[in-house]
Structure formats: structure tokens, C-alpha cells
A.B. asks: 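Provided herewith is a single structure, encoded as C-alpha cells, for subsequent inquiry.
Everything quoted here is computed from the prediction, not taken from an experiment. All values below were derived from every heavy atom in this structure, side-chain atoms included, with hydrogens, water molecules and symmetry-related copies excluded.
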Amino acid sequence: KLDSANPLIYISIANCYDKLGSKSKSAEYYEKAIDIAPENQEVLSSYAKSLSDSGKAEDAKTVYEQALSLPGAAEEEKFLYHCELGDAFYKNKNYNEALNEYKKALEIKNSDEILNIKLGNTYKALSDLNSAIDHYNAAIEINPENPDSYFNCGLCLAEKNKLEEAKEKFQKVILLKSNYEYAYYALGLAYEKENNIKEAVKNYQEFVKYSQDKNLKNSIQKKTAFLIKQLKETEPAAAQEIDAPQTEMQIEAPAEKEQ
């Protein structure tokens, strides 16, 4: 039998409906819990998280602010509220609001790796590449073993045409994770932009070796074949160093699988 005076029972039921994807039913039970305990931080934060996960950022903000206004809210809880709310705004592509929330979280804790990555992503979405690079580098300082931070930073550097620095980041990615296919792809693009066709081809071949992205893989195979042909005409000695026959066989294989 339900203890109708216990708000956590309603929260548990709401969580079950959340997992089943029934947001209207989950909201019904969250609201019952709030009616019973309008100043219960766990109740408010659970409902706000549900709204946030559903992409209802403005509704989530209202409930989070209600939770934050309660006496005794711990700094860690405030940090999580701002991060979750930032995630909801980011999901809705409201990057300015996401940035505001992430910056509030940063004021509470500036040594969080994931928060710095989220800030980097948000600044990148807002085309503020310098700030994005700063936060990706901050994430790298906190955790130098995460290849994603180097990769994202490298993308920003490449977009700013700082190709040497970008290549260093992509090469670090590969040192940390040798099958990180998009690092090879990004390196190939950087080398091709520098007209270093030999190195571009080598990295494109590595991308093809590891990639599960069939459409891009097929496109890069065709590009690689064209570049090898071009290299044979302009730098025959360099072309001989590349495993061209293997690349040509790789070009034919996907077409057979798709038929």
C-alpha cells in the first residue's frame, strides 16, 4: 500500500514512468510529490532533472531556481544544477543560455574536466574558437589522458588555420588511442591543406582501416585513389612509398558489399 504522505514514493513512480518514456505520467507524479513537499530539495531536483532530460529547459530552470533558493543547498548540488540546466539549453541549441549556466557552475568548481569540455563545445558552437581552445586545454591539464579533449582542441586550431598546432593535437590523440579514426581523417585534411599529399594519403588510409562510417569511408577511398594517381604524376618516388595496391583493393571491396 502506498504511503500517500511520502513524496519519495511518488518520485520513485515518476522515475519509472521516465524510464518508460511516459513524460506526461511522470510529470503527474512529480507534481504530486511537490504538492506534498514543496521545499524538499530531492523532490525538486528530481523533477528538474526530468524536465532537463526532456529538453524542457525553461521549465527545468524554474524548478532548479526553486531548489537553489532553499536554505542549505550544498555547493556540489548547485554545481550539478547549473551543469544539468546548461545541458538542457545546449540540447535545445540555446548556446548563450547554456554558456551562462556552465559559467555559473565554473564559478563553483573550475577544476572539473567534463565542465571544461562542455564549455569548449559551447564556445565552439558560438564560433568563439579562442575561448573553446582555452577550455579544451584546461580539460587537458586536468586529465591529459582523454583523447577527445585533444581532438576537439585540434579541430578548433585547424579551423583557425593553425595547422602545425592542430596536427600536434591529432597526433597526441593517436598516441592515446591508435584506432581513433577521425584523428587520422583530420590529419589527412590538414596535410592535404598543406599540399603534403603523401602524408595526407597515409592518414586517409588509416582512417579507412578503422572507420565504421561507410559513407565517409567510401568518399575517402575515392579521394585517396585520386591523390595517389596525382602523386604518381608529380612525385613518383613518394608514390612508391605508399601501399597503393592495398588501397586500390580497399576501394573495390565496399562497392561489392553494397550491391
Side-chain angles (χ1 to χ4, degrees), residues 41 44-46 48-58 60-61 63-65 67-68 73-187 189-190 210:
Q41 212 158 53
L44 292 169
S45 62
S46 294
K49 181 71 165 62
S50 175
L51 291 167
S52 174
D53 290 344
S54 301
K56 296 180 178 178
E58 291 296 343
K61 185 174 183 178
V63 181
Y64 275 129
E65 285 177 346
L68 287 169
E75 290 296 287
E76 183 64 26
E77 289 172 333
K78 292 178 183 178
F79 173 80
L80 290 173
Y81 292 162
H82 289 305
C83 287
E84 288 170 0
L85 192 50
D87 292 347
F89 281 120
Y90 188 92
K91 185 177 180 180
N92 286 350
K93 299 187 178 181
N94 189 340
Y95 300 123
N96 284 307
E97 285 296 331
L99 184 62
N100 288 337
E101 295 302 328
Y102 290 145
K103 286 167 79 173
K104 288 175 185 175
L106 193 70
E107 289 174 6
I108 298 168
K109 189 198 296 186
N110 63 9
S111 59
D112 187 88
E113 176 199 4
I114 301 303
L115 175 58
N116 276 287
I117 291 172
K118 288 176 177 179
L119 277 159
N121 294 343
T122 308
Y123 276 118
K124 187 175 188 299
L126 291 167
S127 299
D128 185 346
L129 297 178
N130 289 332
S131 295
I133 290 166
D134 287 343
H135 283 285
Y136 290 136
N137 279 327
I140 288 167
E141 278 192 38
I142 296 163
N143 178 14
E145 302 301 315
N146 185 347
D148 293 336
S149 299
Y150 292 96
F151 182 71
N152 290 332
C153 190
L155 291 178
C156 292
L157 289 163
E159 196 170 336
K160 286 175 64 65
N161 212 32
K162 294 186 174 183
L163 297 180
E164 283 303 317
E165 293 177 57
K167 287 188 298 182
E168 286 176 11
K169 297 294 186 186
F170 298 140
Q171 286 159 352
K172 181 64 177 179
V173 172
I174 292 164
L175 283 174
L176 291 169
K177 188 178 179 182
S178 62
N179 64 344
Y180 200 120
E181 67 265 35
Y182 289 107
Y184 291 109
Y185 175 60
L187 268 172
L189 289 173
Y210 293 114

A.B. asks: Say you draw a straight line from CD1 of Ile142 to CG of Asn137; how long is it, rounded to the nearest 0.5 Å?
C.D. replies: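 Between Ile142 CD1 and Asn137 CG, I get 11.0 Å after rounding to 0.5 Å.
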A.B. asks: Give a yes or no answer on whether the side chain of Tyr102 reaches the backbone of Asp87 with a donor-acceptor pair at less than 3.5 Å.
C.D. replies: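 It does hold such a pair.
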A.B. asks: Output every pair passing side-chain hydrogen bond (donor to acceptor under 3.5 Å, both in side chains) with a member in residues 88-98, not counting sequence neighbours, ordered by first then second residue.
C.D. replies: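 Pairs touching residues 88-98 that pass the test: none.
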A.B. asks: Below 4.0 angstrom, N of the basic side chain to O of the carboxylate: do Glu75 and Lys109 qualify?
C.D. replies: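 Not counted as a salt bridge, because no side-chain N and carboxylate O are separated by less than 4.0 Å.
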A.B. asks: For a ring-ring contact (aromatic ring centres under 6.0 Å, His included) check, start with the C-alpha distance between Phe151 and Tyr182, then their side-chain angles and the critical distance, and finish with the verdict.
C.D. replies: CA-CA 9 Å; Phe151 182 71; Tyr182 289 107; 7.0 Å; no
A.B. asks: Roughly how far, to the nearest 0.5 Å, is OH of Tyr150 from CG of Leu175?
C.D. replies: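 Leu175 CG to Tyr150 OH: 9.5 Å, rounded to 0.5 Å.
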A.B. asks: Side-chain contact test, heavy atoms from C-beta onward, threshold under 4.5 Å: evaluate it for Lys104 versus Ile108 and give yes or no.
C.D. replies: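 Side chain of Lys104 against side chain of Ile108, heavy atoms only: no contact under 4.5 Å found.
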A.B. asks: Hey, are the side chains of Ser149 and Asn143 touching, using non-hydrogen atoms and a 4.5 Å cut-off?
C.D. replies: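 Sidechains of Asn143 and Ser149: no contact.
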A.B. asks: Got a second to check how far Glu168's CD is from Lys162's NZ, nearest 0.5 Å?
C.D. replies: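 Here the rounded value is 12.0 Å.
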A.B. asks: Could you label the plane-to-plane angle of the His135 and Tyr123 rings as parallel, tilted or perpendicular, counting under 30° as parallel and over 60° as perpendicular?
C.D. replies: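 Ring orientation, 0 to 90° scale: parallel.
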A.B. asks: When you measure from the side chain of Tyr64 to the backbone N and O of Ser52, does any donor-acceptor pair fall under 3.5 Å?
C.D. replies: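 Judged by distance alone, no pair lies under 3.5 Å.
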A.B. asks: With side chain to side chain contact (heavy atoms under 4.5 Å, CB included) as the criterion, how do Lys124 and Asn152 come out once you've worked through the C-alpha distance, each side chain's angles and the decisive distance to 0.1 Å?
C.D. replies: CA-CA 9 Å; Lys124 187 175 188 299; Asn152 290 332; 6.0 Å; no
A.B. asks: Mind listing the closest non-hydrogen atom pair of Cys156 and Ala132 along with its distance?
C.D. replies: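 Smallest heavy-atom distance, with atoms named: SG-CB, 3.9 Å.
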A.B. asks: Name all pairs fulfilling the salt bridge (Lys or Arg N to Asp or Glu O under 4.0 Å) condition that reach into residues 125-146, sequence neighbours left out, sorted by first residue then second.
C.D. replies: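 Passing the test, one end in residues 125-146: no pairs.
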A.B. asks: Looking only at side chains, do Tyr81 and Glu65 share a donor and an acceptor under 3.5 Å apart?
C.D. replies: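 Distance-only check fails for Tyr81 and Glu65.
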A.B. asks: Apply ring-ring contact (aromatic ring centres under 6.0 Å, His included) to Tyr210 and Tyr184, showing your working.
C.D. replies: CA-CA 9 Å; Tyr210 293 114; Tyr184 291 109; 5.7 Å; yes
A.B. asks: Are the side chain of Asn116 and the backbone N or O of Asp112 linked by a donor-acceptor pair below 3.5 Å?
C.D. replies: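 Yes: the side chain of Asn116 pairs with the backbone of Asp112.
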A.B. asks: Under 3.5 Å, is there a donor-acceptor pair linking the side chains of Asn146 and Lys177?
C.D. replies: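 Their side chains do not contain a donor-acceptor pair, so the 3.5 Å distance test is not met.
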A.B. asks: Consider only side-chain N and O atoms of Asn130 and Lys160, and report whether a donor and an acceptor are under 3.5 Å apart.
C.D. replies: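 Yes, Lys160 and Asn130 have a side-chain donor paired with an acceptor closer than 3.5 Å.
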A.B. asks: Between Ala98 and Thr122, what is the shortest heavy-atom contact and its length?
C.D. replies: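 Smallest heavy-atom distance, with atoms named: CB-CG2, 4.3 Å.
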A.B. asks: Do Leu157 and Lys167 have side chains that approach each other closer than 4.5 Å (heavy atoms only, starting at C-beta)?
C.D. replies: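 No, too far: nothing below the 4.5 Å cut-off.
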A.B. asks: Using modelled atom types and a 3.5 Å cut-off, is there a donor and acceptor pairing between side-chain atoms of Asn110 and backbone atoms of Leu106?
C.D. replies: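 Pair absent, no side-chain N/O of Asn110 close to backbone of Leu106.
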A.B. asks: Is there side-chain contact between Glu101 and Cys83, with heavy atoms separated by less than 4.5 Å?
C.D. replies: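 No - every pair of side-chain heavy atoms lies 4.5 Å or more apart.
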A.B. asks: For residues Leu85 and Ala57, report the shortest heavy-atom separation together with the two atoms involved.
C.D. replies: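 Taking every non-hydrogen atom into account, CD1-O, 3.5 Å.
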A.B. asks: For the backbone of Gln41 and the side chain of Ser45, can you confirm whether one donor and one acceptor N or O come within less than 3.5 Å of each other?
C.D. replies: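 Indeed, once roles are kept as given, a pair shorter than 3.5 Å links the two residues.
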A.B. asks: So, Asn121 and Tyr136: side-chain donor and acceptor under 3.5 Å apart, yes or no?
C.D. replies: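 Asn121 vs Tyr136: donor-acceptor pair found between side chains.
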A.B. asks: A side-chain contact here means heavy atoms from C-beta on lying under 4.5 Å apart; do Leu115 and Phe79 qualify?
C.D. replies: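 Counting from C-beta outward, Leu115 and Phe79 do come under 4.5 Å.
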A.B. asks: Looking at every heavy atom in both Val173 and Ala183, which two are closest together, and how far apart are they?
C.D. replies: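 What the structure gives for the nearest pair is CG1-CB, 3.7 Å.
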A.B. asks: Looking at CG of Leu51 and CD of Glu84, how far apart are the two atoms once the value is rounded to the nearest 0.5 Å?
C.D. replies: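 Answer for the CG-CD pair, Leu51 versus Glu84, is 11.5 Å.
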A.B. asks: I'd like to check Lys169 versus Ile140 (side-chain heavy atoms, cut-off strictly below 4.5 Å). Are they in contact?
C.D. replies: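 They are in contact (side-chain heavy atoms under 4.5 Å apart), so the answer is yes.
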